Amino acid sequence: MSTNVIKVHWLNQSRAFRVLWLLDHLKLDYEIVPYKRNEQFRAPEELKKIHPLGRAPILEIDYKSSDRKDILAESGYIFQYILENFDKEGILNNADQQKAEKIKYYLHYAEGSLQPPLFIEFLLSKAKEAPVPFPFSYITKKFADKISEKYSRGEVKNQLDFIETEIEQNDGYLVGGKLSAADILLSFPLEMAFERQFARTEEYPNIAKWLETIKREESYSTSKDKAKANGASF
C-alpha cells in the first residue's frame with residue numbers, strides 16, 4: 001500500500017487533464033479535489049489557499065512516511081517531478097540518457113516556445129471577433145492582423161513545422177518511438193492548434209496521426225472519464 005497521498009487540485013475548463021493522464025498512465029493512486037471557474041471565468045479564491053498564485057493544476061503530495069509535503073505548480077515542473085520521483089521503471093521516461101534529456105527539454109518547450117505564439121493567435125482571433133462598433137472594429141482587425149503577420153502566425157508555423165519533423169524522425173512519437181511524458185504534455189496545445197484551425201491535417205499529417213495514436217491509450221480514456229465527471233468538456 002502506498003504511503004503517499006497525491007491530490008490533484010482540479011479546475012474545470014483548464015489544462016489539468018494532462019496531469020490526470022500522466023498519473024493514470026503510471027497507475028498512481030490519487031484524489032481529485034475539484035474547483036469551478038467563477039462568472040468571470042477565473043479560478044476561485046480557494047485555490048490560493050493551496051498555492052499563492054491560485055492557478056491549476058496544483059499537485060499536493062503528502063509523504064506519510066515523513067513530515068514532508070510538496071505543493072507543485074506549473075505543468076512542466078509537475079511532470080518533471082513525477083518522472084523523477086514516481087517513474088522509476090521509465091514508463092514515460094527513457095532509459096537512454098540522451099532521450100531522457102530530450103523528454104525533459106519538451107517539458108520546458110511546451111510553455112516556453114510552443115504555447116506563447118498559439119495563445120497570442122488565439123487572443124488576436126478573439127479581438128477580431130469582439131463586438132466593436134465600426135470604424136473601431138476595422139481598426140481592431142487591422143491591428144490584430146498586423147501583429148499576427150509580423151510575429152505570431154509565422155512563429156506558430158515555425159513551431160508546428162518543427163514538431164511535424166520531430167514526429168516523422170521518431171517513429172510517430174516525440175521521443176524514441178514510444179509514448180513519453182513529452183507526448184502527453186504537448187497533446188493539449190497541439191490539439192488546440194487543430195481545433196482553432198491554426199493547423200490543418202493536410203499541412204501536418206504526422207501531428208494529426210500522432211494525436212489519434214496517443215488518444216487510443218487506455219490511460220487517456222480513463223483520465224477522460226474522470227475529467228468529465230469533474231466538469232470537463234471534450
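Given the structure is predicted, the values throughout are model-derived calculations rather than measurements. Just so it is clear, the values below take in all heavy atoms, side chains as well, and ignore hydrogens, waters and symmetry mates.
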Trainee: Count I, L, V, M, F, W, Y as connected when their side-chain heavy atoms are under 4.5 Å apart, and connections chain through other members. Are Leu26 and Ile61 then in the same cluster?
Mentor: yes

Trainee: Apply side chain to side chain contact (heavy atoms under 4.5 Å, CB included) to residues Lys64 and Val5 and explain how you reach the verdict.
Mentor: CA-CA 7 Å; Lys64 292 301 184 181; Val5 176; 3.6 Å; yes

Trainee: So which heavy atom on Ala181 is nearest to which on Ile103, and how close?
Mentor: CB-CG2, 4.3 Å

Trainee: Give the table of side-chain donor-acceptor pairs shorter than 3.5 Å for residues 72-87, with sequence neighbours excluded, one pair per line with atom names and distance.
Mentor:
from, atom 1, to, atom 2, distance (Å)
Gln80, OE1, His108, NE2, 3.2
Gln80, NE2, Glu84, OE2, 3.2
Tyr81, OH, Tyr63, OH, 2.5
Tyr81, OH, Arg68, NH2, 3.1
Tyr81, OH, Asp70, OD2, 2.5
Asn85, ND2, Tyr81, O, 2.8
Asp87, OD1, Gly90, N, 3.2
Asp87, OD1, Ile91, N, 2.7
Asp87, OD2, Ile91, N, 3.2
Asp87, OD2, Leu92, N, 2.8
Asp87, OD2, Asn93, N, 3.2

Trainee: Counting C-beta onward and ignoring hydrogens, is there a side-chain heavy-atom pair between Val8 and Leu23 closer than 4.5 Å?
Mentor: yes

Trainee: Working to the nearest 0.5 Å, report the span between CG of Leu20 and CD1 of Ile184.
Mentor: 11.0 Å

Trainee: As an exercise, state the distance from CG of Leu123 to OG of Ser152, rounded to the nearest 0.5 Å.
Mentor: 9.5 Å

Trainee: For Ser219 and Trp21, work out which heavy atoms get closest and say how close.
Mentor: OG-NE1, 3.0 Å

Trainee: In the structure I gave you, are the side-chain heavy atoms of Leu124 and Glu121 within less than 4.5 Å of one another anywhere?
Mentor: yes

Trainee: Would you mind listing every salt bridge (Lys or Arg N to Asp or Glu O under 4.0 Å) that reaches into residues 5-26, with sequence neighbours excluded?
Mentor: Arg15-Glu111, Arg18-Glu111, Asp24-Lys226

Trainee: Over all heavy atoms of both residues, which pair between Phe17 and Ala227 is shortest? Give the atoms and the distance, please.
Mentor: CD1-CB, 3.9 Å

Trainee: First locate atom CD of Gln169, then atom CG of Leu174, and finally report the distance between them rounded to the nearest 0.5 Å.
Mentor: 11.5 Å

Trainee: Got a sec, which residues hit side chain to side chain donor-acceptor pair (under 3.5 Å) with Trp10, two or more places apart in sequence or on another chain?
Mentor: none

Trainee: In the single-linkage hydrophobic clustering (I, L, V, M, F, W, Y; side-chain heavy atoms under 4.5 Å), do Ile6 and Val33 co-cluster?
Mentor: no

Trainee: So, using side chain to side chain donor-acceptor pair (under 3.5 Å) as the criterion, who are the partners of Tyr173 when residues are at least two apart?
Mentor: none

Trainee: Could you tell me if the side chain of Leu11 sits less than 4.5 Å from the side chain of Pro44, heavy atoms only?
Mentor: yes

Trainee: Report the residues that fulfil side chain to side chain contact (heavy atoms under 4.5 Å, CB included) with Tyr109, sequence neighbours left out, ordered by chain and then residue number.
Mentor: Tyr105, Tyr106, Ser113, Leu114, Gln159, Phe162, Ile163, Leu186

Trainee: Rounded to the nearest 0.5 Å, how far does CD of Glu168 lie from CD1 of Ile207?
Mentor: 11.0 Å

Trainee: Answer with yes or no whether the hydrophobic clustering places Ile58 together with Leu53; edges join I, L, V, M, F, W, Y residues whose side-chain heavy atoms lie under 4.5 Å apart.
Mentor: no

Trainee: Between atom CD1 of Ile32 and atom OG of Ser223, what is the distance when rounded to the nearest 0.5 Å?
Mentor: 8.5 Å

Trainee: Looking at every non-hydrogen atom in both residues, tell me the closest pair between Gly54 and Ala43 and how far apart they are.
Mentor: O-CB, 3.4 Å

Trainee: Per the salt bridge (Lys or Arg N to Asp or Glu O under 4.0 Å) rule, what does the pair list look like for residues 99-110, sequence neighbours excluded?
Mentor: Glu101-Lys104, Lys102-Glu166

Trainee: Are Ile214 and Leu179 close enough that some pair of their side-chain heavy atoms sits under 4.5 Å apart?
Mentor: yes

Trainee: Do the side chains of Val175 and Leu211 join up, straight or via other hydrophobic residues, at under 4.5 Å, putting them in one cluster?
Mentor: yes

Trainee: Would you name the heavy atoms of Asn170 and Gly176 that are closest together and state the gap between them?
Mentor: OD1-N, 3.5 Å

Trainee: What residue pairs, at least two apart or across chains, pass side-chain hydrogen bond (donor to acceptor under 3.5 Å, both in side chains) with a residue in residues 183-210?
Mentor: Asp161-Tyr204, Glu164-Asn206, Ser180-Asp183, Asp183-Trp210, Glu191-Lys215

Trainee: Are Phe198 and Arg153 packed together at the side-chain level, in the sense that at least one heavy-atom pair is separated by less than 4.5 angstrom?
Mentor: no

Trainee: With sequence neighbours excluded, what pairs up with Arg55 under the salt bridge (Lys or Arg N to Asp or Glu O under 4.0 Å) test?
Mentor: none

Trainee: Please, which pairs that meet side-chain hydrogen bond (donor to acceptor under 3.5 Å, both in side chains) have at least one residue in residues 33-48, sequence neighbours excluded?
Mentor: His9-Tyr35

Trainee: Give the cluster check for Leu185 versus Leu28: same hydrophobic cluster or not, with ILVMFWY residues linked at side-chain heavy-atom distances below 4.5 Å.
Mentor: yes

Trainee: Please enumerate all residues that pass side chain to side chain donor-acceptor pair (under 3.5 Å) together with His51, with sequence neighbours excluded.
Mentor: none

Trainee: Can you see which heavy atom on Leu160 is nearest to which on Ala193, and at what distance?
Mentor: CD2-CB, 4.5 Å

